[in-house]
Amino acid sequence: MNTNRPTFARIDLAALEHNYRQIRSRVGPDVKIMAVVKADAYGHGAVPVASVLERLGADSFGVAFCEEGIQLREGGITRPILVLGGIYFGEAAKAHKYGLTPVIASVKAAHDLNYDAERLGLKFKVHLKVDTGMNRIGLTPEEAMPLSLSIVKEMPRLELEGVISHFATVTPDLGDAYWKQLTAFREAVSWMSARGIEPPLRHIANSSACLAAPRPPFNVVRPGILLYGAMPDPSFEGMLDIKPIMSFTTEIFHLKRTPPDSPISYGGTYTTKRPSVIATLPVGYADGLPRVLSNRGHALVRGIKVPIVGNVCMDMTIIDVTDVPNVSLGDQVVFIGAQNGASITAWEMAHACGTIPYEIFCGINHRVSRIYTYGTQAPEQMP
Ligand SMILES: *Cc1c(COP(=O)(O)O)cnc(C)c1O
């Protein structure tokens with residue numbers, strides 16, 4: 001957003017590049033990487049992120065629905081784009097126009113798309129979604145197997161390019177749920193293979209499976225959160241050298257001294273315990289700083305960790321900076337990121353909110369200006 005308000009999400013594209021290369025070396029050269037860039041690349045900006053990844057050799061991209069794919073095409077992305085959530089009835093022409101590959105998650109979706117394709121005189125590559133234990137979307141293996149056969153035999157407008165499944169639970173030691181899902185997927189793929197159906201792209205592994213599996217299963221992986229520099233779960237910490245890529249910062253807008261017993265913000269849920277220095281910041285829950293951080297969250301000022309006091313407001317948040325020497329108007333305030341050797345990670349903020357970094361990143365919305373850097377270089381010096 002074009003504004004002088006100094007509330008920023010800074011995205012370090014050099015760190016993104018580092019994370020991509022780490023994933024590439026983890027999975028080896030023979031496995032294709034489908035970079036998951038749904039939800040505006042988890043809030044990092046789908047087009048800038050996908051452009052860097054395409055240049056680095058990412059094989060394809062995963063989005064949630066058609067418009068996310070269209071946004072990538074309009075931003076110049078040329079590699080294959082898989083619509084992970086499938087397309088809606090009536091979207092066939094649009095999906096085709098923008099070269100989007102639909103996931104087929106039900107028998108009806110296959111028939112609908114084949115019907116539309118015939119009517120429009122178009123052909124589609126599709127990936128068949130097999131539900132192996134997530135119980136969200138997808139065909140049961142019992143439905144997927146015969147459907148693969150009827151796609152090949154009776155739906156000439158559809159080309160079965162891929163089969164896809166999705167893990168519900170992966171732990172660093174893999175665990176029973178992982179093996180159960182993997183086995184179900186393997187059986188479905190073998191069933192097809194035995195009948196001469198060989199979809200060239202087979203994929204099930206998200207970030208956690210990329211980390212935990214000794215070798216990535218099948219020939220495509222679909223990492224999301226690892227690209228953005230957070231572990232899918234704290235239990236994976238240390239399993240791959242990835243770097244945070246987003247920092248979320250603002251500046252002190254208003255500074256005042258308050259006597260003891262001053263109530264702060266709506267409802268006065270905090271009252272000062274001592275003569276205090278209170279700073280007001282131009283960022284609030286409407287920007288994606290969760291209101292649940294009221295009296296719970298922290299920020300960095302001059303490298304010192306200070307508490308959020310009182311309720312986070314829609315556009316403003318108040319912190320207690322009494323313990324920060326020489327605190328001044330315009331000082332940078334960090335909610336996620338590093339400052340003077342101190343740092344707050346996305347996981348730390350997520351823990352304080354009872355959520356996961358995925359939700360924190362996605363929540364930082366378009367009100368917040370994005371700044372793209374390449375390490376310490378300005379973006380125009382990007383290679
Ligand atoms: C979001 C998503 C991913 C990526 O998950 P991460 O945990 O971020 O790696 C992969 N596959 C599907 C189907 C998804 O919806």
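This one's a predicted model, so the numbers in the text were calculated from it and none came from an experiment. Note that ligands are numbered from 1 as they come in the structure, with each ligand's atoms numbered from 1 the same way.
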So which protein heavy atom does atom 11 (N) of ligand 1 come closest to, and at what separation?
Arg222 NE, 2.9 Å
If the contact criterion is a heavy-atom separation under 4.0 Å, does Pro223 count as touching ligand 1?
yes
Checking Gln22 side chain against Leu240 main chain: does a donor-acceptor pair fall under 3.5 Å?
no
Only pairs under 3.5 Å count here: list side-chain donor-acceptor contacts from residues 34-42, not counting sequence neighbours, and write none if there are none.
unit_1	atom_1	unit_2	atom_2	d
Asp40	OD1	Ala46	N	2.8
Asp40	OD2	His366	NE2	3.2

Quick one: nearest non-hydrogen protein atom to atom 7 (O) of ligand 1, plus distance?
Tyr358 OH, 2.6 Å
For ligand 1, which atoms, with element, lie under 4.0 Å from some heavy atom of Ile225?
6 (P), 8 (O), 9 (O)
Geometric N/O contact Gly224 with ligand 1, under 3.5 angstrom
yes
How far is atom 4 (C) of ligand 1 from its nearest protein heavy atom, and which residue and atom is that?
Tyr42 OH, 3.3 Å
Shortest protein heavy-atom distance from atom 1 (C) of ligand 1, along with the residue and atom involved:
Lys38 NZ, 1.4 Å
Would a distance-only check, ignoring hydrogens and angles, find a side-chain to backbone donor-acceptor pair under 3.5 Å from Ser190 to Arg186?
yes
Ring center gap for Tyr228 and His44 short of 6.0 angstrom:
yes
Is a side-chain donor-acceptor pair under 3.5 Å present for Asn295 with Thr269?
yes
How close does the nearest protein non-hydrogen atom get to atom 12 (C) of ligand 1, and which residue and atom is it?
His166 CE1, 3.4 Å
What I want to check is whether the side chains of Asp241 and His18 have a donor and an acceptor closer together than 3.5 Å.
yes
Between Phe218 and Phe185 (judged by ring centroids, cut-off 6.0 Å), do the two rings come close enough to count as a pair?
yes
What protein heavy atom sits nearest atom 9 (O) of ligand 1, and how far off is it?
Ser207 OG, 2.5 Å
